[in-house]
Number of protein chains: 2
Amino acid sequence: MATIKDVARLAEVSTATVSRVLNGNGYVHQGTKERVAKAITQLNYRPNDVARSLFKGRSKMIALFVPDIMNPFFPELARAVEDMAKKRDYTFVLCNTDDDPAKEVNYVQELKQKSLDGIVIVSSTISGDFIKDVDIPVVALDRILHPSLSSVTVNNRQGAREATTYLQELGCKRIAHVAGPNNVSNAEQRLNGYLDVVQEEDWFRYSFIEQGGYHFDEAKKATERLLTKHPEIDGLFVANDLMGVGALKAAQSLGIAVPDQLSIIAFDGITLGETTTPTLTTMAQPIYKAGARAAEILIEQIEQQNDQRQVEEFTVEIVERESTRRRDA
Amino acid sequence: MATIKDVARLAEVSTATVSRVLNGNGYVHQGTKERVAKAITQLNYRPNDVARSLFKGRSKMIALFVPDIMNPFFPELARAVEDMAKKRDYTFVLCNTDDDPAKEVNYVQELKQKSLDGIVIVSSTISGDFIKDVDIPVVALDRILHPSLSSVTVNNRQGAREATTYLQELGCKRIAHVAGPNNVSNAEQRLNGYLDVVQEEDWFRYSFIEQGGYHFDEAKKATERLLTKHPEIDGLFVANDLMGVGALKAAQSLGIAVPDQLSIIAFDGITLGETTTPTLTTMAQPIYKAGARAAEILIEQIEQQNDQRQVEEFTVEIVERESTRRRDA
DNA sequence: TTGTATGCGTTATCAC
DNA sequence: GTGATAACGCATACAA
C-alpha cells in the first residue's frame with residue numbers, strides 16, 4: 001500500500017501538502033493540488049485509517065450491542081444501524097451480549113481500546129452507573145437504560161392499551177396477558193398498558209398474567225398454563241411477536257382454534273408474524289426507522305453536531321392479520 | 001486513558017520494559033515485573049490497540065459479508081462467526097452487501113484502510129478475480145466463490161438427492177422443484193441433486209421446475225404457478241426454507257392441504273421452519289458449526305498457523321416435521 | 001502557499 | 001536485564 005510519503009515524493013511536494021489536499025484544509029495552490037491529485041490516482045493511494053485514528057483518537061467505528069442477533073427482532077435493527085453507519089462512513093461492529101453484564105462491560109473495554117466512537121445499545125442488564133461513566137457516546141435503543149442517556153423507543157404503554165382495547169372492541173370478555181421479563185422497561189410498560197385497560201374490570205385477577213420472558217418456549221408454556229387454568233379466556237395480548245408465535249402454538253396444541261375461539265394480538269411487527277398460520281395480528285413498531293434514528297443520533301453526538309441528550313419515542317400501529325376476529329355476540 | 005509512558009514512569013522503568021511484561025517478550029527481572037504489574041493495575045492501564053495496529057499492520061478485526069442480515073438464514077451464521085471472533089480476541093464487523101458487487105468492492109476497500117485482518121464472505125456476485133487479488137485472507141462460506149479460496153459449505157447435491165428420494169419413498173409420484181437463483185453455486189447443486197433423482201422418470205419435464213430466487217414472495221408465486229399448471233404434483237422439494245414457507249403459503253391459498261395432498265420438504269434447517277403450521281420438513285445444515293469453522297479457518301490463516309487453502313464440506317441431515325407424510329397407496 | 005518538525009502509543013532493534 | 005530510539009502513517013503547529 002502506498003503511503004502519503006510516496007504521494008508526496010511523486011508529486012514533488014511535502015507530506016503536509018498532500019495531507020492538506022486530502023482533507024481540504026488550509027491553502028494549497030491549484031496547480032499543486034492537481035499534481036497531488038494525479039499522484040494519488042496514479043499510485044491508487046488510500047489513507048491509512050489506523051494512522052488517522054491514532055492521531056485523532058477516533059476510529060470512525062460504531063458498535064451495536066444486542067442480546068442475540070438470532071432473536072428475530074434484532075436483524076432489522078442491525079440492518080438499520082449498519083445502513084446509517086455506512087451512509088455516514090462508519091464501520092459497523094456487532095456484539096452479542098446474551099444479556100450478560102460481564103460480557104457487556106468486557107465489550108466496552110475492548111472496543112474502547114480500539115478507539116470505537118460510540119455505541120447503540122439494546123440492553124436491560126448492564127448497570128446504568130457503568131454505562132453513564134463510559135466516556136464515549138451511547139444511545140439506548142428499544143429499552144431505557146439510564147436517565148442520562150439518549151434513547152429511541154416506542155410508546156409501549158399506549159400501544160399496549162390500544163392492543164387490549166382492540167381485543168375488547170372485538171368482543172373479548174376475558175383478556176389475558178403473556179408478559180415479558182419484569183426487569184425490562186418496555187416489557188413493564190406493555191404490562192402496565194394492559195393493566196390500565198383491564199384492571200378495573202370485575203373479572204380481572206392477576207392470574208390472567210403469566211411471564212413469558214420474551215422467549216418462544218417460555219411463552220408457549222405460559223400460554224398453556226393460562227388457557228388451562230382459565231378456559232374462559234377469549235383474548236390474549238402477548239408482549240412480543242416471538243412469544244406471540246409461541247402462544248399460537250400453545251393454542252394449537254390444546255386444540256383451541258385461533259381466531260375462532262381465541263383472538264391473539266402481539267407486539268413488534270416482525271416478519272415472523274407474517275409466516276405463521278394464522279398470521280399474527282400485532283402492534284407494529286417502525287423497527288427500521290428506530291434503529292436508523294438511534295444510529296443517527298449517536299453519530300450526531302460523536303461529531304458534536306448535537307451534543308445534548310435526545311429522547312425520541314416512535315408510535316406503534318396496529319396491523320390486523322388473521323389471529324384476531326370479531327366475536328359473535 | 002493512561003498510556004505506556006504513565007506506567008513506565010510510575011514503575012520507574014522504561015517503556016520498553018513495560019512493553020516486555022505486557023507481551024511476555026524478552027527477559028525481565030521478577031521484581032521489576034511485579035512493579036510494572038502493580039503500576040498497570042493502579043492506573044487501570046489498557047494498551048491502545050490503534051497504536052498496536054499501526055505498528056503491526058494488523059487490527060485484530062474480521063468481517064462477515066452477507067447479502068442481508070434480515071434474511072433469516074444469516075443471523076445464526078453471524079452469531080457463529082462473532083462467537084469465534086470473540087473467542088480468539090477479534091472484533092467482529094458486519095457488512096450487508098445486498099449482492100451488489102460494487103458495495104462488496106467498496107467494503108473491501110474501506111476495511112483494508114482500517115487494516116482489517118480477514119473476511120468471511122457469503123456471496124455469489126463478487127468477481128472471483130477481484131476477490132483472489134484481495135491481499136488479506138478470505139474464506140467463502142455457504143457458497144463457492146473462487147477455486148483459490150478456502151471454503152466451508154455443505155453437500156448440497158447429495159442433500160438434494162436425499163430430499164427428493166425421501167419424497168419418493170413417501171409415495172409421491174410427481175415431484176416438483178422450486179429452485180434458487182441460477183448463478184448461485186449451492187442453488188445449482190440443489191437443482192442438480194433433484195435432477196439426479198427425477199430426470200429419468202417418464203413423467204418428468206422441465207416444467208416441474210420453477211425459479212424462486214431464494215425469496216419468499218417469488219417462491220410463493222412460483223409454487224402457485226407449479227400447482228396450477230400441474231395439479232397432479234404431490235411432492236415438492238424447495239431449495240431453501242424461506243422459500244419453503246412461501247410454498248406452504250401458496251398451497252394454503254390454493255386450498256391444497258399440506259401434508260395430506262402435498263408433501264413439502266425444503267433445505268437449510270432454520271428456526272423459521274419450526275414456527276409455521278404445519279412445521280416444515282427440511283434438510284438441515286449445521287449452520288452454526290459451519291460459520292464457526294469458517295471463522296476458525298480464517299483466523300488460522302491470518303495467524304499463519306495454517307496457511308494453505310482449506311475446503312470443508314459439512315453434511316446435511318433430514319429433519320422430519322409436519323409438512324411431509326406418507327401417501328396412502 | 002508550502003515545508004519542517006513533532007506527536008499520537010506501541011513494538012522492536014540495538015546498545016549497554 | 002534494561003534503556004534509548006527509530007518506525008508505523010498521518011495531521012497539525014509553527015516557520016518560512
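Residue numbers begin at 1 in each chain, while the letters A, B, ... track the order of the sequences.
- Put simply, CG on A/Leu54 is 14 Å from P on C/dG7, counting in whole angstrom units.
- Summary of the strand contacts: B/Ser14 and B/Lys56 both lie near DNA chain D, and taking for each the nucleotide with the nearest heavy atom, the more 5' one is attributed to B/Ser14.
- If you measure from atom CZ of B/Arg46 to atom C1' of C/dT10, you get 17 Å, rounded to the nearest angstrom.
- In terms of polar N and O atoms assigned as donor or acceptor, the side chain of A/Arg20 comes within less than 3.5 Å of the base of C/dG3 in a complementary pairing.
- Within 4.0 Å (heavy atoms only), A/Val13 reaches sugar-phosphate atoms of the nucleic acid but no base atom.
- Taking side-chain N and O atoms only, B/Thr3 has no distance below 4.0 Å to OP1 or OP2 of C/dC8.
- Counting only heavy atoms from C-beta outward, the side chains of B/Asp99 and B/Pro181 never approach each other to under 4.5 Å.
- Between the CD1 atom of B/Ile4 and the P atom of D/dA4 there is a distance of 14 Å, rounded to whole Å.
- Rounded to an integer number of Å, the gap from CG of A/Leu22 to P of D/dG9 is 15 Å.
- Using a 4.0 Å cut-off, some side-chain N or O of A/Thr17 falls inside it from OP1 or OP2 of C/dG3.
- Donor-acceptor pairing under 3.5 Å is lacking for the side chains of B/Tyr214 and B/Asn71.
- For A/Thr15 and D/dA11, the shortest distance from a side-chain N or O to OP1 or OP2 is not below 4.0 Å.
- Rounded to an integer number of Å, the gap from A/Arg52 CZ to C/dG9 C1' is 19 Å.
- Between A/Arg293 and A/Glu296 there is a salt bridge, with a side-chain nitrogen of the basic residue lying less than 4.0 Å from a carboxylate oxygen of the acidic one.
- Across all strands, B/Asn25 comes closer than 4.0 Å only to sugar-phosphate atoms, never to a base (heavy-atom distances).
- Remark: the backbone N or O of A/Val311 is not paired with any side-chain donor or acceptor of A/Ser150 at under 3.5 angstrom.
- Between the side chains of B/Asp83 and A/Asn96, no donor-acceptor pair of N or O atoms lies under 3.5 Å.
- Between A/Tyr27 and C/dG3 there is no side-chain polar atom (N or O) within less than 4.0 angstrom of OP1 or OP2.
- Judged by distance alone, with hydrogens and angles left aside, the side-chain atoms of A/Asn48 form a donor-acceptor pair with the main-chain N or O of A/Val50 at under 3.5 Å.
- We find that CD of A/Gln113 is positioned 19 Å from P of C/dC8, with the value rounded to whole Å.
- Within 4.0 Å of A/Arg58, counting heavy atoms only, lies no atom of the nucleic acid at all.
- One finds a side-chain N or O of B/Asn23 lying less than 4.0 angstrom from the OP1 or OP2 phosphate oxygen of C/dT11.
- In this structure, B/Phe55 atom CZ and D/dT5 atom P are separated by 17 Å, rounded to whole Å.
- Residue B/Ser53 is out of contact with every strand shown, counting any heavy-atom pair closer than 4.0 Å.
- Residue-level contact check: A/Ser19 touches the bases, meaning some heavy atom is under 4.0 Å from a base atom.
- Looking at the side chain of A/Ala16, the nearest of the listed nucleotides C/dT10, C/dG3, C/dT2 is C/dG3.
- Distance, B/Lys60 NZ to C/dG9 P: 22 Å, rounded to whole Å.
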